[in-house]
Amino acid sequence: MSIPRIEELAETHGFHDYKWIDPSEIITAHWVRLKCVFGCASYGRKACCPPENPPISDCRSLFSEYSRGLFFRFSKQFSDAQLRHAWGRELIGKALDFERAVFLAGFYKAFVFNPAPCNLCSECKSVKAQCSNPSKARPTLESYGVDVFGTARKFGYPIEVLQDYGNEVNRYGALLVE
C-alpha cells in the first residue's frame with residue numbers, strides 16, 4: 001500500500017487540506033492537559049477525554065510508534081455559533097469513515113484523532129467502559145496532550161485564538177498510519 005492510495009482516499013472522503021508529517025514531531029506538553037483539567041466543562045464527563053486518557057508520557061510515546069501521518073485541517077465561519085456542534089459531528093463522521101477506508105486498504109495501524117470533541121451521542125457516558133459507541137469513539141489531539149497551536153504552526157497552518165464566534169473556526173486532527 002502506498003501514500004498515493006491514502007491521498008486518493010483522503011480526497012474521496014473530503015480531506016483536501018492536509019500535510020504528511022512525521023508524528024514524532026507532534027508537540028505534546030503537560031500544560032495542555034492542565035487546560036482540560038482546569039478549563040474545560042467536559043473534563044471527567046466524556047469517555048474520550050481526560051481523565052480517561054493515558055498520561056502525557058504515554059501519549060507522546062504513541063506518536064513515536066508511527067513513522068507517518070496526515071495532519072489535517074477543516075475551517076468554516078458561522079453566522080450562528082450553535083451550528084458548530086453539528087459541523088463537529090459531521091467532521092467526526094468523515095474522520096471515522098476515512099480511518100476505516102485507510103484500514104481496509106491495508107494500513108492496519110490506522111488511527112484517527114478527531115478534529116472535534118466526540119459528540120456522537122446525545123448523552124455521553126463519562127467512562128470508556130460504558131461508552132455507547134466504543135468502536136467509533138476517538139480522542140481529539142488536545143485530549144492526548146497535543147499543543148495544537150504549536151503543532152499547527154510548526155506544520156505551516158494558520159491558527160489564532162478566536163476572539164468571538166464570528167471568526168473562522170479551524171479544526172485540526174490527525175490520521176496516524178504505518
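Positions are given from 1, in the same order as the sequence printed here. Just so it is clear, the model here is predicted, and its values are computed rather than measured.
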Should [X] and [Y] count as side-chain neighbours, where that means a heavy-atom distance under 4.5 Å?
X: R73; Y: Y18; value: no
X: C48; Y: P117; value: no
X: F103; Y: F111; value: no
X: F113; Y: L176; value: yes
X: V177; Y: K109; value: no
X: V169; Y: K76; value: no
X: P115; Y: T140; value: no
X: H85; Y: Q82; value: yes

(request) Answer yes or no: does atom OH of Y108 have more than 12 heavy-atom neighbours from other residues, nucleotides or ligands under 6.0 Å? (result)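 Not more than 12 within 6.0 Å, no.
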(request) Count the heavy atoms belonging to other residues, nucleotides or ligands that lie under 6.0 Å from CZ of R100, then report whether that count exceeds 12. (result) no
Taking all atoms of both residues into account, what is the closest heavy-atom pair of [X] and [Y], and its distance?
X: P158; Y: N170; value: O-ND2, 3.9 Å
X: L9; Y: A101; value: CD1-O, 3.7 Å
X: S64; Y: S61; value: OG-O, 2.7 Å

[X] side-chain N/O to [Y] backbone N/O, donor-acceptor pair under 3.5 Å:
X: N167; Y: Q163; result: yes
X: E178; Y: S67; result: yes
X: S143; Y: P139; result: no
X: T151; Y: I27; result: yes
X: K19; Y: F155; result: yes

(request) Any salt bridge (charged side-chain N to carboxylate O under 4.0 Å, His left out) involving residues 33-51? Give me the pairs, sequence neighbours left out, ordered by first then second residue. (result)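 Residue pairs passing salt bridge (charged side-chain N to carboxylate O under 4.0 Å, His left out), neighbours aside: none found.
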(request) Would you mind listing every salt bridge (charged side-chain N to carboxylate O under 4.0 Å, His left out) that reaches into residues 138-163, with sequence neighbours excluded? (result)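 Pairs touching residues 138-163 that pass the test: E99-R138, R153-E160.
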(request) Kindly determine whether I6 and L70 satisfy side chain to side chain contact (heavy atoms under 4.5 Å, CB included), including the steps that lead there. (result) CA-CA 9 Å; I6 294 174; L70 285 177; 3.9 Å; yes
(message) Ring centres under 6.0 Å, that's the criterion: do W20 and F71 meet it?
(response)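 For W20 and F71, the ring centres are not under 6.0 Å apart.
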(request) Kindly say whether the aromatic ring centers of F72 and Y172 come within a distance under 6.0 Å. (result) no
(message) Checking D17 against Y157: is there a side-chain donor and acceptor pair closer than 3.5 Å?
(response) yes
(request) Apply side chain to side chain contact (heavy atoms under 4.5 Å, CB included) to V112 and F98, showing your working. (result) CA-CA 8 Å; V112 75; F98 180 43; 5.5 Å; no
Quiz: residues 89-96 side-chain donor-acceptor pairs under 3.5 angstrom, not counting sequence neighbours:
{"unit_1": "R89", "atom_1": "NE", "unit_2": "N119", "atom_2": "O", "d": "3.2"}

(message) Would you say I159 ends up clustered with V32 if hydrophobic residues are merged whenever their side chains have heavy atoms under 4.5 Å apart, either directly or through other cluster members?
(response) no
